[in-house]
Amino acid sequence: MATKLTEFLTQRSTPEIAASLLGKQLCLQTPTGMLTAWITETEAYLGAKDAGAHAYQNHQTARNQALWQPAGTIYIYQMRALFLLNIVTQKAGVPECVLIRGIEPVEGLDQMQRQRPVQLANLTNGPGKLMQALGLDKTLNGQSLDDGPLSLDLQTSIRQPQLVERTARIGIVNKGEWSTAPLRYYVAGNPFVSHISRRRLDHEQHGWVPLV
DNA sequence: CCCGTGATTATCT
DNA sequence: GATAATCACGGGC
């Protein structure tokens with residue numbers, strides 16, 4: 001299983017990995033129950049060459065050490081009172097990662113809504129919002145998805161996007177070509193995606209291929 | 001002091 | 001109701 005995850009996170013480019021993470025299931029074991037959700041929105045960050053990345057020019061600081069760890073390492077950083085979740089890709093020493101920007105709740109929705117008491121439409125459609133709904137802080141920073149309470153399920157309850165949209169990454173400004181590079185991926189029509197028009201939602205299937 | 005996110009407010013339909 | 005514009009926050013450098 002751990003081998004499968006390592007293969008998934010190292011055998012293709014990080015943009016390809018970011019796109020294929022859509023529909024995979026994120027799982028969190030909590031003292032009061034299991035929380036699971038499908039990934040709906042991701043962004044790829046391409047390490048030393050990427051002016052939008054924390055690891056730009058191999059810039060190492062105390063907070064971003066996790067980026068140089070092996071694939072499957074959890075990288076969580078804080079901004080304001082928010083925590084943002086990234087999954088480290090590629091072999092150790094290559095500081096690339098995928099930012100998780102949106103998830104669709106599957107299991108434990110009631111617990112998520114207690115931990116983030118807002119309307120469902122605003123529960124997990126943003127990188128800081130989803131971490132609050134999951135009840136996570138930066139405790140898991142530097143830990144692995146192979147052990148510990150947070151994991152990635154590549155095999156069960158997987159959904160297939162009908163259409164994956166690509167756009168520039170959110171909030172990367174004045175960074176030249178990196179500001180426009182199409183490194184953000186999301187499930188078209190899914191309501192649990194940030195910065196989307198409510199008018200174009202798929203209210204029936206949420207943008208997933210229907211299960212037969 | 002700069003930065004991006006989430007919340008609030010304003011404007012249009 | 002939906003979308004755009006504006007505000008506040010607080011950690012990192």
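Only heavy atoms go into these numbers, but all of them, side chains included; no hydrogens, no water, no symmetry mates. In the text below, chain A, chain B and the rest are named by the order of the sequence lines, each starting its count at 1.
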> Going by distance alone, is a donor N or O of one side chain under 3.5 Å from an acceptor N or O of the other, for Thr14(A) and Thr89(A)?
Replying inline: yes
> Do Gln111(A) and Gln115(A) have side-chain N/O donor and acceptor atoms under 3.5 Å apart?
Replying inline: yes
Which one, [options], comes nearest to the side chain of [X]?
| X | options | answer |
| --- | --- | --- |
| Ser197(A) | dC13(C), dT5(B), dT3(C) | dT3(C) |
| Val173(A) | dC13(C), dG4(B), dT3(C) | dG4(B) |
| Ile170(A) | dG12(C), dT5(B), dT3(C) | dT5(B) |

Atom [atom1] of [X] to atom [atom2] of [N]: distance rounded to whole Å?
| X | N | atom1 | atom2 | result |
| --- | --- | --- | --- | --- |
| Met79(A) | dC1(B) | CE | P | 20 Å |
| Leu84(A) | dG12(C) | CG | C1' | 14 Å |
| Tyr77(A) | dC3(B) | OH | P | 15 Å |
| Asp137(A) | dG10(C) | CG | P | 16 Å |
| His195(A) | dT5(B) | NE2 | C1' | 8 Å |
| Gln57(A) | dC13(C) | CD | P | 14 Å |
| Ile172(A) | dG4(B) | CD1 | P | 7 Å |
| Gln119(A) | dA2(C) | CD | P | 10 Å |

If you look at every strand shown and take non-hydrogen atoms under 4.0 Å, does [X] touch a base, only sugar-phosphate, or nothing?
| X | answer |
| --- | --- |
| Arg198(A) | sugar-phosphate |
| Thr61(A) | sugar-phosphate |
| Arg116(A) | sugar-phosphate |
| Arg200(A) | nothing |

>> Judged by each residue's nearest nucleotide on DNA chain B, which is more toward the 5′ side, Arg80(A) or Val118(A)?
In response: Arg80(A)
> If you find the nucleotide of DNA chain B closest to Leu82(A) and the one closest to Asn174(A), which residue's nucleotide is nearer the 5' end?
Replying inline: Asn174(A)
> Do side-chain atoms of Thr40(A) reach the backbone of Phe192(A) as a donor and acceptor pair under 3.5 angstrom?
Replying inline: yes
> If only atom types and distance count, is the side chain of Trp38(A) paired as donor or acceptor with the main-chain N or O of Leu26(A) below 3.5 Å?
Replying inline: no
>> Determine whether Tyr77(A) and His54(A) satisfy the following criterion, ring pair (Phe, Tyr, Trp, His ring centres under 6.0 Å), listing intermediate values before the conclusion.
In response: CA-CA 10 Å; Tyr77(A) 66 91; His54(A) 287 176; 4.4 Å; yes
> 5'-most contact on DNA chain C: Ile196(A) or Asn64(A), nearest heavy atom basis?
Replying inline: Ile196(A)
